[in-house]
Structures are given as C-alpha cells and as structure tokens.
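Below is one structure; the comments refer to it alone.
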Protein chains: 2
Amino acid sequence: MQEGTMTKPGNLHETGGCQRVNTVLSRIGDKWSVQVIMRLSAGSLRFNELKREIGNVSQKMLSATLRGLERDGLVTRSVTPSVPPRVDYALTDLGHQLLVPVGALGDWAFANIDAVESARAAFDAAHSDAARA
Amino acid sequence: MQEGTMTKPGNLHETGGCQRVNTVLSRIGDKWSVQVIMRLSAGSLRFNELKREIGNVSQKMLSATLRGLERDGLVTRSVTPSVPPRVDYALTDLGHQLLVPVGALGDWAFANIDAVESARAAFDAAHSDAARA
DNA sequence: CCGTATCCCTCCGGATACTG
DNA sequence: CAGTATCCGGAGGGATACGG
C-alpha cells in the first residue's frame, strides 16, 4: 500500500474522497461484477455465452451488472444489428487495469480462504457454546 | 494478476472456488469493512473512537461489521473489564496482509475515480436523451 | 462506555413472462 | 438472441430505545 493516497491519516478527514472511492468498492463487492470481469479478461463474449459460463445468474442481474460496468466505463457493449441480433461485451482499458488490483485481491482471497474459513468455524463454535463445561 | 490461481480458465469450472472467494469479496464490498480496516491500520482503537472517526455509521452497523471482521479472523477484540468497560479493536496479521491488496484496490479507485465518474456522467447523459435533435 | 433489540423501509436479487 | 417488465421474498442498513 502506498502512503501517499487515501490510506494516510492526514487526508482521512477528507471524507468525500472515501465516499467516492466507496462507490467503486461497492461495484467490486456486488454479486456478479467480478465474475463478469474475470470472464471477459480472456476476450469479448456475447450475452448468452457470459450467462452460460457464469451459470447461475439470471438475465436480469446479468444485464443489470453489464449496464453498471458499461456505465462505469469498464466494459464496452457492441451491437451488431443482424438477425438474430448479436451483442458483444469486452473490457475497456480501464477494465483491464482494474483487473490488476482485483486479481491481487482474488489471489489473496484464494490463498487465505482456508484461514478465513477456519477462523469462522472457530468463532461460530465459540459462540454457540450453549453446551460446555 | 497471476495465472496460476482462480483467474485461469482451466479451473473456472471449479465453481466452488469462485463461490468461496466470493464470500471474501463480499466482505470487502460491504459498506463499512474497508473503512474500519483502514482506520485500524495505524493501530488499535476503541469502539467509540472508531465510531467517531468514521462519523456517519450507526452503532448497529459498526458492531455488526466488527463482529464480521472478528469472525473472519481479521481483527481482534480485547475487553478490559473495568468501569466503564473498555474494548479495543486491532488488526490481526491476516488483517494486515489483507491491507495490501485492499490498499492496491483503494489506490486504483483513488487514481481512476475521475475517469469512472466522467464515464458515468457521459453514460447518463447519453441515456437521458429525451431531449435531442 | 459498549453494545443488543426492535421497528421499519429500501434495495438486491431470483422467477417468470413477454417483446424486438 | 438479447433483453425489458413485473412480482415477490429476503437481506442490508438506519433510528431509536433499552440493558450490562
């Protein structure tokens, strides 16, 4: 982490910055955005290809997620007006750049998921101690 | 991003891994976790210190967030049974390690927030074109 | 001081059906 | 194929009041 940005106590009083950054974090945290970004990292995909790959996502949420990502300038939506219509989604430069920190986070999560899950198990066990000495 | 983990197409079929990783991403994405982790990066804080620093968080959400982080093994909760009671929260090793990728993401967000916001403005303008030629 | 409990309301997200 | 529209349940999250 760098000291010169939002992590320094000196500018934490600038709450506006935290709020704005939070809007980006919220997008990362929502249920499908990361999945979509990951799938598109290999190249552009059509709507139903995306839907098939992710598997358990509804059309509603997929289109909503894609619209959100498009709105944020992270993916492009290319319509080919043929019959049947064809729509391709791809990452923008910004989207590819986002892939770097998101990938780092994903790698951390992947590396530490066992630690987190065992911590959860321990915590839950310690707090359901209706049965103990 | 590394090729060897969850980002490789070869193991995307292992949906269980994605699901598990998603639980961690959800914690990052929730409204207060990142703020708390950031504040605790400088050292331990008491409940109301934390609450005051963040400012607009309710007790309910702060305690819920802290319990979640504690459950995941990211923060510790130290009770000093005095009168009045004193409770200190601090990052665990795992929490400090998480700070690295989270900081990277925060830095990305901070660096690109302008691009994202202008993309949003452009998108919104293009889609509220009830008034045009 | 440090929470928990309750109420209440909004938004997320799934299922289904329909349109271009 | 690529969505939109509608309905609906449930989780998220704020305000307030109360307990240890």
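In what follows, every heavy atom counts, from backbone to side chain, and hydrogens, waters and symmetry copies are set aside. To find a chain, count down the sequence lines: A is the first, B the second, and so on, and within it residues start at 1.
- At distances below 3.5 Å, not a single donor-acceptor pair connects side-chain atoms of A/Ser33 with backbone N or O atoms of A/Asp30.
- The main-chain N or O of B/Ala115 is never found under 3.5 Å from a side-chain atom of B/Asn112 such that the two would form a donor-acceptor pair.
- Of the two residues contacting DNA chain C, namely B/Ala64 and A/Val57, the nearest-nucleotide position lying further toward the 5' end is that of B/Ala64.
- The side chain of B/Arg77 places an N or O atom within less than 4.0 Å of a non-bridging phosphate oxygen (OP1 or OP2) of C/dG3.
- Of the candidates D/dC1, C/dC1, C/dT16, the closest approach to any side-chain atom of B/Pro84 belongs to C/dC1.
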- Step by step, work out the side chain to side chain contact (heavy atoms under 4.5 Å, CB included) result for B/Asn22 and A/Val34. CA-CA 9 Å; B/Asn22 220 353; A/Val34 170; 5.7 Å; no
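- One interatomic measurement links the two molecules: CE of A/Met61 to C1' of D/dA2, which rounds to 17 Å at whole-angstrom precision.
- When the C1' atom of C/dT16 is taken as reference, atom CD of A/Gln59 falls 9 Å away, rounded to whole Å.
- Neither OP1 nor OP2 of D/dA2 sits under 4.0 Å from any side-chain N or O of A/Lys51.
- Between A/Asp72 and A/Arg67 there is no salt bridge, since no side-chain N of the basic residue sits under 4.0 Å from a carboxylate O of the acidic one.
- The side chain of B/Ser63 contributes no N or O atom lying less than 4.0 Å from OP1 or OP2 of C/dC2.
- Atom-to-atom, CG of B/Asn48 to P of C/dG3 comes out at 9 Å; the value is rounded to the nearest Å.
- As a whole-Å value, the separation of B/Leu50 CG from C/dC1 P is 14 Å.
- The phosphate of D/dT4 (OP1 or OP2) has a side-chain N or O of A/Arg67 nearer than 4.0 angstrom.
- Counting only distance, with no hydrogens or angles, the side chain of A/Ser82 and the backbone of A/Pro84 share a donor-acceptor pair below 3.5 Å.
- In this structure, B/Leu66 places its CG atom 11 Å from P of C/dC2, rounding to the nearest Å.
- A/Phe47 has its CZ atom 18 Å from the P atom of C/dG20, to the nearest Å.
- Between D/dA2, D/dG3, C/dG3, one nucleotide has an atom nearer to the side chain of B/Val87 than all others, and that is C/dG3.
- Between A/Tyr89 and the phosphate of D/dC1, there is no side-chain N or O to OP1/OP2 separation shorter than 4.0 Å.
- Residue A/His127 contributes atom NE2, which lies 10 Å from atom P of C/dT4 at whole-angstrom precision.
- Closest to the side chain of A/Arg46, from the set C/dG14, D/dA2, C/dT4, is D/dA2.
- Atom NZ of A/Lys60 and atom P of D/dG9 are 14 Å apart (whole Å).
- Checked against C/dG14, D/dG20, C/dT4, the side chain of B/Pro85 finds its nearest nucleotide in D/dG20.
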